[in-house]
Amino acid sequence: MKDVKTRTETLRRIIGHRVVDGKDAAVVTVSQSYPTDADDLWDACTNPERIPRWFLPISGELRVGGRYQFEGNAGGEVLTCTPPKSFSATWEFGGGMSWIEVSIIPEPGDCARFELSHIAHAEGDHWETYGPGAVGIGWDQALLGLGLHLDSGAAVDPAEFEKWSLSPQGLSYVREAGNGWCDADMAAGTDPETARERADRTIAFYSGE
C-alpha cells in the first residue's frame with residue numbers, strides 16, 4: 001500500500017475542548033490534504049454510492065433531519081449541511097452520543113483538505129484510559145481508505161484492507177498513528193507520561209496485543 005508512512009506523517013491532529021450541553025467535551029480533529037478538487041472530495045464524502053468505496057455501507061436519508069446508519073458501526077442524525085463546504089451529525093454508537101463536524105477546504109494546486117472533528121464528553125474512565133487515539137486512530141484509518149479511493153476511483157476491498165491492517169506494515173501504521181495522537185495529546189497540555197501510557201493502551205487495542 002503505497003505512501004502509507006507519508007500519509008501518516010502529513011496528517012494534522014489537534015486536541016481541543018468546548019462546552020456541549022453544559023458539560024466539557026473533548027474535540028479530536030484530524031485532517032488530510034488530497035490531490036483532488038473540493039467538489040470531488042465533497043462527493044466522495046457525501047454520495048451514498050461512493051462512501052462504501054472507502055468507509056462502510058451506509059443507509060438512511062442523507063439530508064438535514066434525516067437519519068443514517070453505517071453497517072456494523074455508528075448511526076445518527078444529520079444536523080447541518082452546507083454543500084460543498086461542511087456538514088455535521090450526531091454519532092451514536094453502543095448507547096453513547098457524540099458528534100462529528102466535517103469540513104472540505106479548498107487548497108492551492110487543485111487540492112482540497114478533509115477535516116473532521118469528533119466531539120465527545122470527556123467523562124468516565126474511557127477518556128482517561130485511552131485518550132484521543134481511541135477515536136483518532138480509527139479516523140486515521142478512514143482517511144487512509146479515502147486517499148486510496150481518490151487515488152484510483154475504485155473501491156477499497158474491505159477484506160484486503162483488513163488483511164493489510166494485520167500485516168507488519170499495517171501494525172506499523174497503527175503505531176505511527178498512535179504516536180501521532182500521543183504528540184497531539186501532549187501538545188494539548190496532557191502530562192507526557194499520562195499521554196504515553198494511554199497511547200500505548202490504545203495502540204495495543206488496535207494491534208490486538
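- Note: F114 and W54 have perpendicular aromatic rings, judged against thresholds of 30 and 60 degrees for the angle between ring planes.
- Nearest heavy-atom pair, T29 versus S117, reported as atom, atom and distance to 0.1 Å: OG1-OG, 2.7 Å.
- The hydrophobic cluster containing V30 does not contain M186, counting ILVMFWY residues as joined when their side-chain heavy atoms lie under 4.5 angstrom apart, directly or transitively.
- Atoms NE2 and CH2, from H118 and W99 in turn, are 9.0 Å apart once rounded to the nearest 0.5 Å.
- The distance from the CD atom of E162 to the OG atom of S167 is 11.5 Å, given to the nearest 0.5 Å.
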Full working for side chain to side chain contact (heavy atoms under 4.5 Å, CB included) between D37 and E107: CA-CA 8 Å; D37 61 41; E107 292 189 328; over 6 Å; no

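- The salt bridge (Lys or Arg N to Asp or Glu O under 4.0 Å) with D140 is formed by just one residue from the set R175, R12, R13; it is R13.
- The closest side-chain heavy-atom distance from C182 to T202 is not below 4.5 Å.
- Between I104 and A112, the shortest heavy-atom distance links the atoms CG2-CB, 4.5 Å.
- E101 places no side-chain N or O within donor-acceptor distance of the main-chain N or O of L116, the cut-off being under 3.5 Å.
- In E71, the CD atom is not crowded: 12 or fewer heavy atoms of neighbouring residues, nucleotides or ligands sit closer than 6.0 Å.
- Side-chain atoms of S98 come within 3.5 Å of backbone N or O of W91 as a donor-acceptor pair.
- Between F87 and V64, every side-chain heavy-atom pair lies at or beyond the 4.5 Å cut-off.
- There is no path of hydrophobic side-chain contacts, each under 4.5 Å, that joins I119 to L143.
- For the 3.5 Å distance criterion, the side chains of E92 and T90 qualify, holding a donor opposite an acceptor.
- Linking Ile, Leu, Val, Met, Phe, Trp and Tyr whenever their side-chain heavy atoms come within less than 4.5 Å leaves F55 and F93 in two separate clusters.
- The hydrophobic clustering, which links ILVMFWY residues whose side-chain heavy atoms are closer than 4.5 Å, places L56 and L150 together.
- Side-chain contact between Y130 and V135 is absent, with no heavy-atom pair separated by less than 4.5 Å.
- One finds the CD1 atom of I51 at 10.0 Å from the OH atom of Y68 (value rounded to the nearest 0.5 Å).
- Residue-environment remark: CG (D110) stays at or below the threshold of 12 foreign heavy atoms within 6.0 Å.
- Nearest heavy atoms, A25 versus V20: CB-CG2, 3.9 Å.
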CA sep, side-chain torsions, deciding dist, call: R63, E61, salt bridge (charged side-chain N to carboxylate O under 4.0 Å, His left out): CA-CA 6 Å; R63 58 171 180 80; E61 297 182 271; 3.2 Å; yes

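- One finds the CD atom of E128 at 10.0 Å from the CZ atom of R201 (value rounded to the nearest 0.5 Å).
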Step-by-step side chain to side chain contact (heavy atoms under 4.5 Å, CB included) determination, D40 to R50: CA-CA 11 Å; D40 181 52; R50 289 184 71 181; 2.9 Å; yes

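- Both I137 and W127 belong to a single network of hydrophobic side chains, linked directly or stepwise wherever heavy atoms of I, L, V, M, F, W or Y lie under 4.5 Å apart.
- Residue T46 comes nearest to L62 through the heavy atom pair O-CD1, 3.5 Å, listed as atom of the first residue, atom of the second, then distance.
- At a threshold of 4.5 Å between non-hydrogen side-chain atoms, the residues Q141 and V174 count as touching.
- Side-chain contact between L146 and Q32: absent, with no pair of heavy atoms (C-beta onward) separated by less than 4.5 Å.
- Smallest separation of non-hydrogen atoms from R113 and S31: NH1-OG, 2.9 Å.
- Counting heavy-atom neighbours within 6.0 Å of D125 CG, excluding the residue itself, gives a total of 12 or less.
- A pairwise comparison of heavy atoms in H149 and A44 identifies CD2-CB, 4.4 Å as the closest pair.
- In terms of modelled atom types and a separation under 3.5 Å, the side chain of Y206 and the main chain of L171 share no donor-acceptor contact.
- The NE2 atom of H121 sits 5.0 Å away from the CG atom of D21 when rounded to the nearest 0.5 Å.
- Ring orientation note: the planes of W164 and F161 are tilted relative to one another, at an angle of 30° to 60°.
- Crowding of F205 atom CZ: a count of heavy atoms from other residues, nucleotides or ligands under 6.0 Å not exceeding 12.
- Of the inter-residue distances, the one linking T190 atom OG1 with E197 atom CD reads 12.0 Å to the nearest 0.5 angstrom.
- The side-chain heavy atoms of I203 and R198, taken from C-beta on, include no pair separated by under 4.5 Å.
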